[in-house]
**Student:** 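Pasting a structure below so you can have a look.
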Amino acid sequence: MPGLPSRATAAVTPPSYTADYLRNPLPEYPLSARRLGQEGVVLLRVKVDPAGVPAEVHLAKSSGVASLDEAALKAVRGWTFVPARQGQEPVAAWVEVPIRFRLSDAK
C-alpha cells in the first residue's frame with residue numbers, strides 16, 4: 001500500500017545504568033563540599049554507544065555546586081551501561097542519569 005512502510009520498525013529499549021551486575025561506583029563526595037555541608041542533585045545526559053560505553057556525558061542540570069557536578073561527570077564517564085536495543089540490535093541512545101549527593105550517604 002502506498003505511504004506505508006514495508007516493514008514495522010522495532011521499538012527502541014533505552015539504555016540502563018541500574019543493572020546490579022554493572023557495579024558502577026558512586027562518585028566520590030568532594031571533601032570541600034562535605035566540609036561546607038553542600039548537597040545537591042546533578043542531572044547528566046549520557047550518550048551510550050552500542051557497546052555500553054558513555055560516548056558523551058553532558059551536564060543537563062547543575063547541582064549548583066561545581067565540585068559536585070565535576071565529581072558526577074568524572075564518575076559517570078567511567079561507567080558501563082546496558083546499551084539501548086532496537087529489536088535485538090544494540091544501538092546508540094541518550095539517557096538521563098541523576099546523581100544525588102547527600103551528606104547522610106557520604107562515607
Side-chain angles (χ1 to χ4, degrees):
M1 296 177 88
L4 294 177
S6 59
R7 60 186 167 122
T9 303
V12 174
T13 303
S16 173
Y17 56 91
T18 58
D20 289 339
Y21 66 86
L22 294 175
R23 297 185 185 4
N24 289 328
L26 292 174
E28 288 187 35
Y29 211 118
L31 185 56
S32 60
R34 273 202 248 178
R35 286 183 177 154
L36 294 171
Q38 296 172 316
E39 298 181 315
V41 177
V42 180
L43 184 62
L44 303 177
R45 186 158 163 73
V46 182
K47 184 176 184 181
V48 179
D49 74 12
V53 175
E56 296 180 43
V57 182
H58 301 281
L59 185 63
K61 184 173 183 224
S62 173
S63 66
V65 180
S67 63
L68 298 181
D69 297 346
E70 287 302 318
L73 286 161
K74 180 180 177 184
V76 172
R77 285 184 181 122
W79 282 10
T80 303
F81 292 76
V82 176
R85 293 198 173 274
Q86 187 165 20
Q88 295 300 313
E89 190 71 26
V91 295
W94 290 91
V95 63
E96 288 190 341
V97 178
I99 304 288
R100 178 178 299 276
F101 288 91
R102 279 191 296 219
L103 290 169
S104 61
D105 297 337
K107 295 178 186 177

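We number each residue from 1, following the sequence as shown. Since the structure is predicted, the reported quantities are computational estimates derived from the model, not experimental observations.
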**Student:** Of all the heavy-atom pairs spanning Pro30 and Ser67, show the shortest one and how long it is.
**Tutor:**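 It is CG-O, 3.4 Å.
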**Student:** At their closest point, which heavy atom of Gln38 faces which heavy atom of Val65, and how far apart are they?
**Tutor:**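 Minimum heavy-atom contact is OE1-CG1, 3.4 Å.
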**Student:** Tell me if a side-chain donor or acceptor on Asn24 pairs with a main-chain N or O of Val76 at a distance below 3.5 Å.
**Tutor:**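 No; judged by distance alone, with no hydrogens or angles, the pair does not exist.
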**Student:** Of all heavy-atom pairs between Ser16 and Ala19, which one has the smallest distance, and what is that distance?
**Tutor:**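 Ser16 and Ala19 have their closest heavy atoms at OG-N, 4.0 Å.
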**Student:** Could you tell me if the side chain of Pro83 sits less than 4.5 Å from the side chain of Val91, heavy atoms only?
**Tutor:**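 The answer is no; the side chains never approach within 4.5 Å.
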**Student:** For Arg102, what residues pass the salt bridge (Lys or Arg N to Asp or Glu O under 4.0 Å) criterion, not counting sequence neighbours?
**Tutor:**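 For Arg102, the residues satisfying salt bridge (Lys or Arg N to Asp or Glu O under 4.0 Å) (neighbours in sequence not counted) are Asp105.
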**Student:** Minimum heavy-atom separation for Ser63 to Val42, with atom names?
**Tutor:**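 Heavy atoms of Ser63 and Val42 come nearest at CB-CG2, 3.7 Å.
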**Student:** If Ile, Leu, Val, Met, Phe, Trp and Tyr residues are connected whenever their side-chain heavy atoms lie under 4.5 Å apart, and connections chain through other members, are Val95 and Val82 in the same group?
**Tutor:**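 No, Val95 and Val82 fall in different hydrophobic clusters.
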**Student:** Please check if the side chain of Trp94 supplies one atom and the backbone of Arg45 the other of a donor-acceptor pair under 3.5 Å.
**Tutor:**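 Pair absent, no side-chain N/O of Trp94 close to backbone of Arg45.
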**Student:** For Arg34 versus Tyr29, what's the shortest heavy-atom pair and its separation?
**Tutor:**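 Shortest heavy-atom contact: CG-CD2, 3.4 Å.
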**Student:** Hydrophobic cluster membership, with links at side-chain heavy-atom distances under 4.5 Å among I/L/V/M/F/W/Y: are Val41 and Leu103 in one?
**Tutor:**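 Val41 and Leu103: separate clusters.
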**Student:** When the side chains of residues 48-59 are checked against the rest of the protein, which donor-acceptor pairs come out under 3.5 Å, sequence neighbours left out?
**Tutor:**
unit_1 : atom_1 : unit_2 : atom_2 : d
Asp49  : OD1    : Ala51  : N      : 2.8
Asp49  : OD1    : Gly52  : N      : 3.1
Asp49  : OD1    : Val53  : N      : 3.0
Glu56  : OE1    : His58  : NE2    : 2.9

**Student:** Are Leu73 and Leu43 joined in one hydrophobic group, where the rule is that I, L, V, M, F, W and Y side chains link up if heavy atoms are under 4.5 Å apart?
**Tutor:**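 Different clusters: Leu73 never reaches Leu43 through Ile, Leu, Val, Met, Phe, Trp or Tyr contacts under 4.5 Å.
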**Student:** If I compare all heavy atoms of Glu39 with all of Ser104, which pair ends up nearest, and what's the gap?
**Tutor:**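 In this case the closest contact between Glu39 and Ser104 is OE2-N, 4.2 Å.
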**Student:** Going from OG1 on Thr80 to OH on Tyr21, what distance comes out if it is rounded to the nearest 0.5 angstrom?
**Tutor:**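 If we round to the nearest 0.5 Å, Thr80:OG1 and Tyr21:OH are 9.5 Å apart.
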**Student:** Check for me, please, whether Phe101 and Trp79 land in the same ILVMFWY cluster - side-chain distances under 4.5 Å, paths through other members count.
**Tutor:**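 They do share one cluster, since a chain of ILVMFWY contacts under 4.5 Å joins Phe101 to Trp79.
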**Student:** Honestly curious: do Leu22 and Leu44 fall in one hydrophobic cluster under the side-chain, below-4.5 Å linking rule?
**Tutor:**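 Different hydrophobic clusters.
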